[in-house]
**Q** 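Dumping the structure here so I can ask a few things about it.
Computed from a predicted structure; not experimentally measured. No hydrogens, no waters, no symmetry mates; every other heavy atom, side chains included, goes into these values. Just so it is clear: chains get the letters A, B, ... in the order the sequence lines come, proteins before strands, and each one is counted from 1.
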Amino acid sequence: MPAPFRLYNTLSRRVEDFTPIQPGHIGLYVCGMTVYDLCHAGHARAMVTFDTFVRYLRHRDWSVKFVRNFTDVDDKIIRRAAELGIEPLELAQQQIDYFHEDVRALGLDEPDEEPRVSTSIGGIIAMVERLIERGHAYAADGNVWYDVRSFPNYGALSGQKVDELRNPDVGNGKRVPSDFALWKATKPGEPSWKSPWGNGRPGWHIECSAMASRCLGDSFDIHGGGLDLVFPHHENEIAQSEGASGCGYARWWMHNGLLTMPGGRKMGKSEGNAFSIRDLLQLFPAEAVRLYYLQNHYRSPLPWDQNALPTALAMVCRLYEAREVAESMKGQERAEDVAKSLGDDAQAVLDLSRAFDTQFYAALDDDFNTSKALSYVFELARAVNRFANHKKARKRGGPLVAEALRCFSVVNDALGLLGDDVSKFMQEVKEKRLGAMGIEREDIESLLEERLVARQARDWARADSIRDELEAKNIVVMDTAAGVDWRVRITGA
RNA sequence: GGCGACGUACCCAAGUGGUUAAGGGGCGGGUUUGCAAAACCUGUAUUCACCGGUUCAAAUCCGGUCGUCGCCUCCA
């Protein structure tokens with residue numbers, strides 16, 4: 001049986017108990033990218049948010065059908081393709097390939113379906129025809145417009161009132177400014193398809209209505225996307241889909257907050273302040289990016305600044321290091337016996353581990369509160385580290401921290417964090433950070449070698465001066481019982 | 001002009017009626033160490049933008065003020 005949960009619904013502006021249309025099953029449609037340029041950190045927040053949400057639902061035994069579209073027919077694609085001197089659909093395909101590489105590198109699972117506008121034209125035309133039949137749309141000069149006043153519920157999602165809108169656009173047969181295009185008559189040099197109204201292409205909003213109903217049916221459970229899509233995109237989708245089918249569209253509307261830049265403005269290509277996810281993944285491991293998004297509640301705005309990713313990376317490293325310590329512990333006793341004989345800090349690991357699932361799930365079941373859920377992970381990591389300071393922990397603590405390791409694997413299964421092999425992750429951190437600072441690994445290793453010789457000769461002055469030299473390169477040297485280790489100090493991006 | 005969101009420490013941030021206001025980053029002190037680093041301990045908000053109100057009780061509810069942001073044109 002899937003676990004019940006609560007979820008904020010933009011329609012009601014409240015957190016509500018989630019109830020599926022079909023028991024145990026969730027149909028989810030998320031607005032994906034318009035593929036005219038690389039995926040940036042703002043888009044990636046939406047991708048990670050919904051990927052993680054799906055991941056969690058499946059972890060909790062829901063059967064989920066996850067659909068995320070590509071908008072591959074669009075003004076900006078046409079304009080950009082013209083600049084590059086290639087076909088719009090060729091540009092779109094290229095960007096879709098890049099997108100797939102990027103989300104794979106980010107560690108996202110593939111959606112169950114990824115419909116595209118260009119291969120959904122038949123369904124779109126059928127839906128437009130149906131809207132005309134049902135009196136919600138009118139054709140004029142090869143264009144088809146949605147008659148907003150024919151749909152009394154218009155504005156239910158966004159709170160907008162038709163008469164209060166600023167949009168002054170009229171023309172091409174449009175009757176009132178707030179009506180919007182379902183079908184646009186073709187212009188020279190644009191991709192176009194045959195239709196009952198002449199050659200043309202779909203308007204922006206109709207694609208999602210058509211693709212969602214094809215993949216998930218006229219009514220489905222959850223529709224997601226960025227907060228900036230609430231109006232007009234999602235409002236228009238509701239008008240189209242419900243106008244065409246006569247029944248309810250998405251039952252829940254789930255919107256993620258936007259990235260905000262230091263000045264307070266949102267990140268966006270039109271703002272000229274976007275960081276591509278491709279560039280970021282050169283500098284930081286995917287899990288640091290993931291944690292950066294998940295450390296805040298998905299509906300809150302998320303501030304972006306120079307320290308955002310370095311801070312997130314420091315957090316992920318902290319968790320991996322706790323896992324590393326736990327994995328290094330040995331022993332064959334029963335966990336309870338170890339706890340009993342090794343004292344309060346040992347007992348605390350056991351207690352926290354056993355209380356973990358309940359707290360962790362409670363947070364995520366309450367409107368997907370990843371921020372709160374992660375706080376329990378950090379508490380557990382601290383308890384493990386505290387226990388690890390005990391002399392006997394390494395030899396006898398194994399069975400005890402096995403419980404904590406089980407919790408970390410829950411975190412991976414539910415949120416996609418901490419799943420990597422520890423040493424592999426640490427290597428990735430070193431490589432990416434060294435690359436970011438332009439330091440060669442061999443230089444570090446030869447200095448460390450030199451220092452080792454000095455230390456063996458108890459030449460502390462020489463050893464320390466080498467350490468200072470490394471320090472100046474942001475390399476932190478750690479002398480441990482097991483030998484010399486080193487880390488890259490995490491500095492601003 | 002219309003619609004909506006938000007304002008919690010140096011920074012990020014959870015908390016939405018009732019124990020000492022989670023967690024992370026940073027910074028200060030300590031344990032440890034050849035010295036360091038890491039880890040751990042400890043200090044960093046008697047207070048939640050401001051002003052009123054409701055209540056036995058509010059960061060949490062209501063009203064107002066100020067400030068910030070998003071949408072209304074393409075936007076995750």
**Q** Does A:V477 reach a base, just sugar-phosphate, or nothing at all? Heavy atoms under 4.0 Å.
**A** base
**Q** Tell me, please, whether A:F50 has A:R68 positioned over its six-membered ring: NZ or CZ under 6.0 Å from the ring centre and within 45 degrees of its axis?
**A**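 No, A:R68 does not sit over the ring of A:F50.
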**Q** Would you indicate what A:H297 reaches in the nucleic acid, counting non-hydrogen atoms under 4.0 angstrom: base, sugar-phosphate, or nothing?
**A** sugar-phosphate
**Q** When the ring planes of A:F18 and A:W252 are compared, do they come out parallel, tilted or perpendicular, using 30° and 60° as the limits?
**A**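 Tilted.
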**Q** A:Y298 ring centre to A:R45 NZ or CZ under 6.0 Å, with the angle to the axis within 45°?
**A** no
**Q** Base, sugar-phosphate or nothing for A:D485? Non-hydrogen atoms, less than 4.0 Å.
**A** nothing
**Q** With a non-hydrogen cut-off below 4.0 angstrom, is A:M478 in contact with a base, only sugar-phosphate, or nothing?
**A** base
**Q** How would you label the contact of A:R467 with the nucleic acid (heavy atoms, under 4.0 Å): base, sugar-phosphate, or nothing?
**A**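 Base, at least one base heavy atom under 4.0 Å.
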**Q** If you assign A:G226 and A:R451 each to the RNA chain B nucleotide with the nearest heavy atom, which residue ends up on the more 5' nucleotide?
**A**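 First, find each residue's nearest nucleotide; the 5'-ward one identifies A:R451.
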**Q** Taking any heavy-atom pair under 4.0 Å as a contact, classify A:R299: base, sugar-phosphate, or nothing.
**A** nothing
**Q** When you measure only distances, ignoring hydrogens and angles, does the side chain of A:D479 come within 3.5 Å of the base of B:C35 through a donor and an acceptor?
**A** yes
**Q** Roughly how many Å apart are B:C61 and B:C56, using the C1' atom of each and rounding to a whole number?
**A** 16 Å
**Q** B:U46 and B:U20: how far apart are their C1' atoms, nearest whole angstrom?
**A**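 One C1' to the other, the span is 11 Å.
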**Q** Expressed in whole Å, how much space separates the C1' atoms belonging to B:C50 and B:C66?
**A**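 It works out to 7 Å between them.
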**Q** Which one, B:A22, B:C35, B:C12, comes nearest to the side chain of A:P303?
**A**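 The answer is B:C12, which lies nearest to the side chain.
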**Q** Have a look at A:E379 and say if it touches a base, only the backbone sugar-phosphate, or nothing, with a 4.0 Å heavy-atom cut-off.
**A** sugar-phosphate
**Q** When all nucleic acid strands are considered with a 4.0 Å heavy-atom cut-off, which category describes A:G225: base, sugar-phosphate, or nothing?
**A**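 Here A:G225 touches the backbone only, sparing every base.
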**Q** Under 4.0 angstrom, heavy atoms only, what part of the nucleic acid is A:S300 near: base, sugar-phosphate, or nothing?
**A** sugar-phosphate
**Q** How far, in whole Å, is B:A45 from B:A22 if one measures between their C1' atoms?
**A**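 Looking at atom C1' only, B:A22 and B:A45 are 14 Å apart.
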